[in-house]
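Below is one structure, written out as structure tokens; comments come after it.
Numbers here simply count residues along the sequence, with the first being 1.
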Amino acid sequence: MYCSRNTPQVVELLKVFDGIHNRGELQLKLGLTDREHFRKTYLQPAVYNGFVALTIPDKPTSSKQQYVLTELGKQMANR
């Protein structure tokens with residue numbers, strides 16, 4: 001489903017990280033208002049490809065869920 005590892009949207013997402021963020025903060029940093037579009041186009045591919053990790057992996061839909069760059073994500077963001 002998420003075959004391309006570094007779409008422009010994923011790279012754009014990786015570049016706005018500066019620590020741990022929740023979904024709303026990331027959307028705000030990117031200037032995006034459509035939650036579903038953000039989730040499908042930016043967040044899910046980044047998580048699926050190992051660039052972004054969940055802080056509560058056992059509860060992916062938790063209201064307290066936050067996201068952090070992995071080492072692979074940091075490398076991709078610095079390209």
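When all heavy atoms are compared, the tightest approach of Phe17 to Tyr67 is CE2-O, 3.4 Å. Residues Lys15 and Ala77 come closest through the heavy atom pair NZ-O, 2.9 Å. The two residues Pro57 and Pro60 come nearest to each other via the heavy atoms O-CD, 3.7 Å.
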- Task: Could you walk me through whether Met76 and Phe51 pass side chain to side chain contact (heavy atoms under 4.5 Å, CB included), step by step?
- Result: CA-CA 8 Å; Met76 185 64 67; Phe51 301 136; 3.7 Å; yes
- Query: Passes side chain to side chain contact (heavy atoms under 4.5 Å, CB included), Gln27 versus Arg23? Steps please.
  - Reply: CA-CA 6 Å; Gln27 273 189 243; Arg23 181 205 43 80; 2.4 Å; yes
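Side-chain contact between Leu30 and Leu13 is present, with at least one heavy-atom pair separated by less than 4.5 Å. Side-chain atoms of Lys64 and Lys59, non-hydrogen and from C-beta on, never get closer than 4.5 Å to each other. Looking only at side-chain heavy atoms (C-beta outward), Leu14 and Leu69 come within less than 4.5 Å of each other.
Checked by atom type and distance alone, the side chain of Asn22 pairs as donor or acceptor with a backbone atom of Gly24 at under 3.5 Å. No donor-acceptor pair under 3.5 Å is formed between the side chain of Gln66 and the backbone N or O of Leu54. No donor-acceptor pair under 3.5 Å is formed between the side chain of Gln65 and the backbone N or O of Ser62. Using modelled atom types, no side-chain atom of Thr70 and backbone atom of Ala53 make a donor-acceptor pair closer than 3.5 Å.
One finds the OG1 atom of Thr55 at 12.0 Å from the NE2 atom of His21 (value rounded to the nearest 0.5 Å). Between atom CD of residue Glu25 and atom CG of residue Asp18 there is a gap of 9.0 Å, rounded to the nearest 0.5 Å.
A side chain to side chain contact (heavy atoms under 4.5 Å, CB included) with Val52 is found for exactly one of Val47, Val10, Val68, Leu72, namely Val47.
Qualifying side-chain contact (heavy atoms from CB on, under 4.5 Å) partners for Glu71, counting only residues two or more places apart in sequence or in other chains: Lys74. Among residues two or more places apart in sequence or in another chain, the ring pair (Phe, Tyr, Trp, His ring centres under 6.0 Å) test is passed with Phe38 by Tyr42.
Ionic pairing of Glu36 and Lys40 is present here: one or more N-O contacts between side-chain nitrogen and carboxylate oxygen are shorter than 4.0 angstrom.
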